[in-house]
Each structure stands twice: as structure tokens, then as C-alpha cells.
Amino acid sequence: MKQKKKVTALLLSIFLGELGFDRFYLGKIGTGLLKLITVGGGGIWWIIDIILIASGSMKDKRGNELV
């Protein structure tokens with residue numbers, strides 16, 4: 001499986017993160033659906049994910065760091 005790109009995840013999070021697209025990209029389907037249903041947790045979860053991805057703290061479903 002190819003490693004996920006940090007830039008792609010960050011752009012998805014910024015532009016479509018309220019709909020969970022960043023989580024779907026990282027293979028985290030369950031939390032992606034929750035984020036979709038709650039519209040990014042009212043925006044809070046969306047902002048937190050942007051910060052986590054930008055700082056390098058977010059990992060994909062398998063625990064691999066984003067490259």
C-alpha cells in the first residue's frame with residue numbers, strides 16, 4: 001500500500017474536511033462518516049484535523065506517517 005501524502009491530506013482537510021474527505025483519504029472510514037454527519041463536529045473537529053495534519057501528528061489507518 002502506498003503512503004499517503006501530507007499535502008493531499010491537508011488540502012482535502014482545508015477544502016472538504018467538514019465533509020470528512022480527509023479522513024476517507026487516510027482510510028479512516030468510520031470517523032470520516034461521523035465527520036460527514038456532524039459537518040466536521042460543528043467546525044471544531046475540522047480545525048483540529050487541519051492542525052494535526054499540518055503539524056505532522058496525523059497518521060493513516062495503518063499508523064504510517066504522512067509523507
Side-chain angles (χ1 to χ4, degrees):
M1 180 177 225
K2 293 171 53 175
Q3 283 189 299
K4 304 294 182 180
K5 302 212 180 276
K6 182 178 178 179
V7 172
T8 303
L10 184 59
L11 289 174
L12 283 172
S13 189
I14 291 169
F15 295 110
L16 298 169
E18 289 182 319
L19 301 175
F21 280 52
D22 53 339
R23 293 280 177 147
F24 292 127
Y25 173 71
L26 296 174
K28 299 178 178 186
I29 305 302
T31 55
L33 287 172
L34 283 173
K35 204 170 170 186
L36 174 65
I37 292 167
T38 64
V39 190
I44 296 170
W45 195 356
W46 173 56
I47 298 294
I48 291 171
D49 276 355
I50 291 172
I51 293 168
L52 288 174
I53 293 169
S55 69
S57 298
M58 181 72 79
K59 297 182 186 327
D60 71 5
K61 180 180 179 179
R62 297 178 144 201
N64 298 322
E65 292 187 16
L66 306 178
V67 292

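Not measured: the values here are computed from a predicted model.
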About how many Å separate CE of Met58 and NZ of Lys4, when rounded to the nearest 0.5 Å? 13.5 Å
Pairwise distance CD1(Ile48) to CD1(Ile53) - rounded to 0.5 angstrom: 12.0 Å
Remaining members of Leu34's ILVMFWY cluster at a side-chain heavy-atom cut-off under 4.5 Å?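 Same cluster as Leu34: Trp45.
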With a 4.5 Å cut-off on side-chain heavy-atom distances among I, L, V, M, F, W and Y, is there a chain of contacts connecting Leu19 to Ile44? yes
Leu33 side chain near Phe24 side chain, heavy-atom distance below 4.5 Å: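 Side chain of Leu33 against side chain of Phe24, heavy atoms only: contact under 4.5 Å found.
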Pairing residues for Ser57 by the side-chain contact (heavy atoms from CB on, under 4.5 Å) criterion, not counting sequence neighbours: Leu52, Ser55
Which residues share a side-chain contact (heavy atoms from CB on, under 4.5 Å) with Ile47, sequence neighbours left out: Ile51
Can you list everything that forms a salt bridge (charged side-chain N to carboxylate O under 4.0 Å, His left out) with Lys5? Sequence neighbours excluded, please.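 Testing Lys5 for salt bridge (charged side-chain N to carboxylate O under 4.0 Å, His left out), a comparison that skips the adjacent residues, returns none.
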Any salt bridge (charged side-chain N to carboxylate O under 4.0 Å, His left out) pairs touching residues 23-32, not counting sequence neighbours?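 Counting only pairs at least two positions apart or across chains, the salt bridge (charged side-chain N to carboxylate O under 4.0 Å, His left out) contacts touching residues 23-32 are Arg23-Asp49.
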Tell me which donor-acceptor pairs under 3.5 Å the side chains of residues 6-17 have, and how far apart each pair is, sequence neighbours excluded?
residue, atom, partner, partner atom, Å
Lys6, NZ, Ala54, O, 3.2
Ser13, OG, Asp22, OD2, 3.1

